[in-house]
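Below: one structure, written as structure tokens.
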Amino acid sequence: MPEHIISKTDAEGDMLACAAYLAEEIGGSDDRSTAVSAVVAEYLRRDNVDVAAELANTVDDPFVRDRLLVAVVRRCAELDDDEYAVQLADAVEEDGMRSQAFAAAALVKAGKGQLEAARELSASVLHPEEVLAAIALKQDQLGDEDAAQATVAEIDFPGAAVAALISMTVARREKDDTDKAVEFLEKAGQLAEDIEHREERVRMLVDVGNALTDAGRKDKAIGTLEKARGHAESLDNVHRDTLLSFVSQGFMHAGSVDLADRTLDAVADKTQIANTLLGFARDYWRRDEKEDALESLDEAYEILRSQKDTETRDSKAKFALFGSIAAQYAAFGRGERAIEIAEGIEDEEQATSALSQVAYIMTTQNADETAKASLRSISADTDRSFALIGMSNAARKNNENEKALSFLNEAAETAEGVQQIAARANAYSEIAVSLLELDEKEKARETASLTLQTISHIRDEGTRSTALANLASLYKKAGFTLSDQDKQLLKSLLIPDSF
């Protein structure tokens, strides 16, 4: 094993250093890459780009190594350490990833208004369209419309230019400059027609149409969406139904129920039909047309439920959509119906996710009995513990701190029964974070210490190092110092073959 970047002495007295030392001890593997990634992320949060870069360079997997170096380059740019950012970007081996590194730095500079630096960095980017778009957006925000328009004209790919113009309209609408926003969007619509890739052309036209609706020009939005529909209907591949769904929802957003329905009639895939109707339901609800909203949601569920396995193109997407429908019923105040649908999802992971969402939403609505009913339908202690953490966060947002604390206490009790040690440690860590949000610092400190004790029993080296790095982030955020017991646990982790 080569010499460590982190000394053992440092590792004995600092949790993140300990996580880094343990990560360095792992042999070349995916576990090592995962652990080093977690450690590097925390060093970057602490602005220690030197150690982060050194650790990134110890990863054997070239893709992971380059990805980590891109993250370091981005942080260097944020800290205005541009010379080091360029040095590290040049060190990235793969051409595409090296270009991403320079692009990451350039985007940071553009966002900070350092446009000359952004330009210089973009010279090393293979396809600088995204950087140019960011520069144009910042120029317009700074009041230099002519320069912004000139920069948009430099963008070779129409899709990127369209995206840039749409972004510029958001800032214009925030300033109540609707006329200029519409002018930008009309230009964006013209450019979108020049996009060679048909699927991207439809997506961009839909985006322009939705932006026109948001700008208050539904007439122009409908005209743009009509063009999108024409292009989508000419497709003969698997993307056709998805794109027609987007167009249909765009029409509904623009207030044309008739065009939305007519476009939906052209969609064949039941998953996409149901997804479109879910979008309709949300739009109706926003317009306070609640009866129509529930009717659309009912129809979405029935159509999805009627889809046979032989008709299903993507089972994962189908099960996820069932979860979204269940959550929407909860948001509409139909908690019992939401639970019924969530319980019926055949994929256990998606069912659990849906039940957890329902429990959260019903807690926000103060429908505690329904929330608890959803919680009871979750079988695994791990999942139930995280659902309780979510319910606590919902109660806290309602300024019901006592209720929030009771949920966290229950989550901690539930976590005690979790057999998988790593999952238990993760639950304790999340509970500690939520306790901090409730300003329960003493309880959070106790739970953080319990998390460390639990991590010390994890046998897998990569999982142990990753969990320790994540806990170090919590200690740093809360301002916790290591107790004597904490330090002893860190030392025990550094003893070879201690498991």
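None of these values were measured; they are calculated from a predicted model. Residue numbers start at 1 and run along the sequence shown.
Look at Arg445 and Glu440 and you find no salt bridge, because none of the NZ, NE, NH1 or NH2 atoms lies under 4.0 Å from a carboxylate O. A salt bridge links Arg217 with Asp219: at least one charged nitrogen is closer than 4.0 Å to a carboxylate oxygen. Of the charged side-chain nitrogens involved, at least one lies within less than 4.0 Å of a carboxylate oxygen, so that Glu437 and Lys477 count as a salt-bridged pair. By the 4.0 Å N-to-carboxylate-O rule, Lys220 lies close enough to Glu186 to be salt-bridged with it. Taking 4.0 Å as the cut-off between side-chain N and carboxylate O, Asp241 and Arg313 count as a salt-bridged pair. Electrostatic pairing of Glu42 and Arg46 counts as a salt bridge here, judged by a charged N lying under 4.0 Å from a carboxylate O. Salt bridge absent: Glu200 and Arg203 never bring a charged side-chain N and a carboxylate O closer than 4.0 Å. Look at Arg464 and Asp31 and you find no salt bridge, because none of the NZ, NE, NH1 or NH2 atoms lies under 4.0 Å from a carboxylate O. The pair Arg65-Asp61 does not meet the salt-bridge criterion, since no charged nitrogen lies less than 4.0 angstrom from a carboxylate oxygen. The pair Lys109-Glu116 does not count as a salt bridge, with every side-chain nitrogen at least 4.0 angstrom from each carboxylate oxygen.
Checked by atom type and distance alone, the side chain of Ser37 pairs as donor or acceptor with a backbone atom of Ser33 at under 3.5 Å. Judged by distance alone, the side chain of Ser473 and the main-chain N or O of Ala469 form no donor-acceptor pair under 3.5 Å.
Ring geometry for Tyr21 versus His4: interplanar angle under 30°, hence parallel rather than tilted (30 to 60°).
Side-chain contact between Leu132 and Arg119 is present, with at least one heavy-atom pair separated by less than 4.5 Å. Counting heavy atoms from C-beta on, the side chains of Glu199 and Asn237 come closer than 4.5 Å. Inter-residue side-chain proximity for Ser356 and Thr352 is flagged as met; some heavy-atom pair is nearer than 4.5 Å. Residues Leu474 and Leu471 are in side-chain contact: their nearest non-hydrogen atoms beyond the backbone lie under 4.5 Å apart.
Under the side-chain contact (heavy atoms from CB on, under 4.5 Å) test applied with Leu165, the options Val152, Ile155, Leu185 reduce to a single match, Val152.
Other residues, nucleotides and ligands contribute more than 12 heavy atoms inside 6.0 Å of the NZ atom of Lys112. Environment of CD in Glu193: crowded, with over 12 heavy atoms of neighbouring residues, nucleotides or ligands closer than 6.0 Å.
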task: List the steps, then state whether side chain to side chain contact (heavy atoms under 4.5 Å, CB included) holds for Val64 with Arg67.
output: CA-CA 5 Å; Val64 176; Arg67 179 172 56 77; 3.6 Å; yes
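The closest side-chain donor-acceptor pair between Gln149 and Asp140, if any, does not fall under 3.5 angstrom. Side chain to side chain, Gln139 and Thr151 meet the donor-acceptor criterion of an N or O pair below 3.5 Å.
Applying the side-chain contact (heavy atoms from CB on, under 4.5 Å) test to Leu79 and every residue at least two apart in sequence or in another chain returns Asp47, Val49, Arg75.
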